[in-house]
Asker: 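Next up is a structure, given as C-alpha cells.
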Amino acid sequence: MTQRPEGGRPFSGRRTNLALLLLLGGALVTGLTAQALGTPSLAWVAVVHGVIGLAILIVAPWKSLVVRKGLARRNRGRFFSLLFALLTATVLVTGVLHSVGWPADIGSLTVLWVHVATALVLVPLAIWHVLARKTLPRRQDLTRRNLIRTGGLVSVAVVAWFAADRAIALARLPGADRRFTGSHERSSLDPAGLPVTSWLDDRTPELDGVSWRMAIEDAAGGRSLGLGDLAVLPIDDVTAVLDCTSGWYSNQEWRGVRLDRLVEPGTARSVVAWSATGYARRFPVSDLDSMWLVTEVGGEPLSPGHGFPARIVAPARRGFWWVKWVVQLETSDLPWWIQSPYPLT
C-alpha cells in the first residue's frame, strides 16, 4: 500500500522509513566529522551536513503519515516511536536555529550543544527502529525510479541549502557571519569576554604559577621547565582563532613559545600534550612548527579558566585540541591518529 500527502507523489511507508534512516545516518557521520575538523579545505563537510538536514525536512511530510498510521495501531513500540519523532524534530529545529544564529543559547547551553547532544541520544533509538521495523535496504530498492527520486531529493535539498544561506545573508541574521565550521563569532580580541569551556568532566584545577613545572620527554632526554624558563626562550605573538565545538569561535592574540623550540622529536612520530586534569591529545610531529605553548592572551597572563599557567594553541584545529593546564609534553613512536577522534573524558 502507498501513501500520498496532499499534492505529493506516492511514497510507501517502508521507502520513507528507509530514506529517513539513511539520511539520519549521513547526518550523524557528516556532523561528527564537521565537529572534529577545523581546516578550510574540509568546509564542504559542513555543507553536506546542512543539505542532508534539509533533505530530512523534505521527507518529513511523508514520514508524518507513516507516524499517524503507526499511532493508530497502538503497538508496544508506540512510546519509543513518539520519542524518536520528538528527538528528530528537536535536532532539526536546533540545527536551523544554530544556522540562523538566533537564539545563541538555550539557558546555559548553546543551541549547537543541544543539537549535538540530542543527535547522540537519537542514535540508539534509530538502531532500535531499524531492528524493530526491519527497515533494511533490499536489492529491489535499486530501481531506476528510486534512483531518480533520490537524485531529485538531493537536488532539491542542495538548491534549498544555497537559497537558505542566501536568505540568511540578505536578512542580515547573525548566521550570515558564521565561520565555515558553522560557528558564530564571540568576543574576538576581547579576552575578558572569551567563553570558558572544558571538555566533558574537566574542572579548572588550582595551579600555582610559582611552583608549576612542565615535564618534557623527548629525544633530548627528560627535563622540566617553569614559567621563568619559558620567559627566556624566543617568544612569538600569534593571532589565532579558537573554534569551539559548542558552536562559537573567537579570534585572539596569544603569546608563547613555538613547540619546535621546546621539543626535540628525533625519530618520533607524534607528541602528546598532557593536562593537569589527565586530559591529553596526540599531535603529529609535523605540526610542531605551527603550534604554541602560550602563557598570555591579549597581553595578559592566562586566567585559570583559560589554561593558566600554559596551554596549547593549535591553529586550524578545533577547540578540544587546545589542551589547557599543560604539565607534560612527550614524544612517541605511535602515529598521531592512534587515539579516539574525540576525547573520551
Side-chain angles (χ1 to χ4, degrees), residues 187-199 201-244 250-266 268 270-285 287-332 336 343 345:
S187 303
S188 288
L189 304 179
D190 177 21
L194 182 63
V196 175
T197 59
S198 295
W199 188 261
D201 58 350
D202 259 1
R203 297 292 182 268
T204 301
E206 296 182 3
L207 299 177
D208 177 23
V210 176
S211 59
W212 174 83
R213 306 289 294 181
M214 181 187 67
I216 299 179
E217 298 286 342
D218 59 9
R223 57 200 180 281
S224 68
L225 303 176
L227 288 176
D229 301 311
L230 294 175
V232 300
L233 295 173
I235 301 294
D236 292 327
D237 292 312
V238 56
T239 301
V241 173
L242 172 56
D243 194 336
C244 183
S250 188
N251 191 30
Q252 300 291 342
E253 295 178 343
W254 311 86
R255 174 171 290 181
V257 181
R258 208 170 62 209
L259 288 194
D260 62 345
R261 294 171 178 151
L262 289 172
V263 178
E264 175 56 56
S270 64
V271 58
V272 183
W274 287 91
S275 169
T277 64
Y279 182 92
R281 292 305 286 168
R282 183 185 302 274
F283 301 87
V285 294
D287 282 6
L288 288 175
D289 62 355
S290 58
M291 293 170 54
W292 284 262
L293 181 78
V294 304
T295 56
E296 296 182 14
V297 59
E300 298 292 335
L302 295 169
S303 67
H306 291 310
F308 178 83
R311 74 175 298 167
I312 295 293
V313 163
R317 291 188 181 272
R318 300 305 295 271
F320 65 84
W321 292 87
W322 294 40
V323 182
K324 296 191 287 188
W325 315 297
V326 176
V327 292
Q328 184 173 346
L329 296 172
E330 62 173 340
T331 56
S332 171
W336 71 273
T345 181

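Excluded from the calculations below are hydrogen atoms, water molecules and symmetry mates; all remaining heavy atoms, backbone and side chain alike, are included.
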Asker: Can you classify the ring geometry of Trp254 versus Trp322 as parallel (below 30°), tilted (30 to 60°) or perpendicular (above 60°)?
Answerer: perpendicular

Asker: Can Trp336 and Phe283 be said to form a ring-ring contact (aromatic ring centres under 6.0 Å, His included), step by step?
Answerer: CA-CA 5 Å; Trp336 71 273; Phe283 301 87; 8.8 Å; no

Asker: Taking atom CH2 of Trp212 as the centre, report whether more than 12 heavy atoms of other residues, nucleotides or ligands fall under 6.0 Å from it.
Answerer: yes

Asker: Any idea which heavy atoms bring Pro309 and Leu302 closest together, and the distance?
Answerer: O-CD1, 3.9 Å

Asker: Could you check whether any side-chain heavy atom of Arg258 comes within less than 4.5 Å of a side-chain heavy atom of Val238, counting everything from C-beta outward?
Answerer: no

Asker: Taking side chain as C-beta onward, heavy atoms only, is Gln252 less than 4.5 Å from Leu194?
Answerer: yes

Asker: Please lay out, stage by stage, how Arg282 and Ser332 fare under the test side chain to side chain donor-acceptor pair (under 3.5 Å).
Answerer: CA-CA 9 Å; Arg282 183 185 302 274; Ser332 171; 3.0 Å; yes

Asker: How close do Ser250 and Ser187 get, heavy atom to heavy atom, and via which atoms?
Answerer: OG-O, 3.2 Å

Asker: Do Trp325 and Tyr279 have side chains that get closer than 4.5 Å, going by heavy atoms?
Answerer: no

Asker: Is the closest side-chain heavy-atom distance between His306 and Arg311 below 4.5 Å?
Answerer: yes

Asker: I want to check something: taking the side chain as every heavy atom from C-beta on, are Ile312 and Met291 in contact at a cut-off of under 4.5 Å?
Answerer: yes

Asker: Compare all side-chain heavy atoms of Leu233 with those of Arg261 and state whether any distance is below 4.5 angstrom.
Answerer: no

Asker: CG of Asn251 to CG of Asp190: how many Å apart, nearest 0.5 Å?
Answerer: 12.0 Å

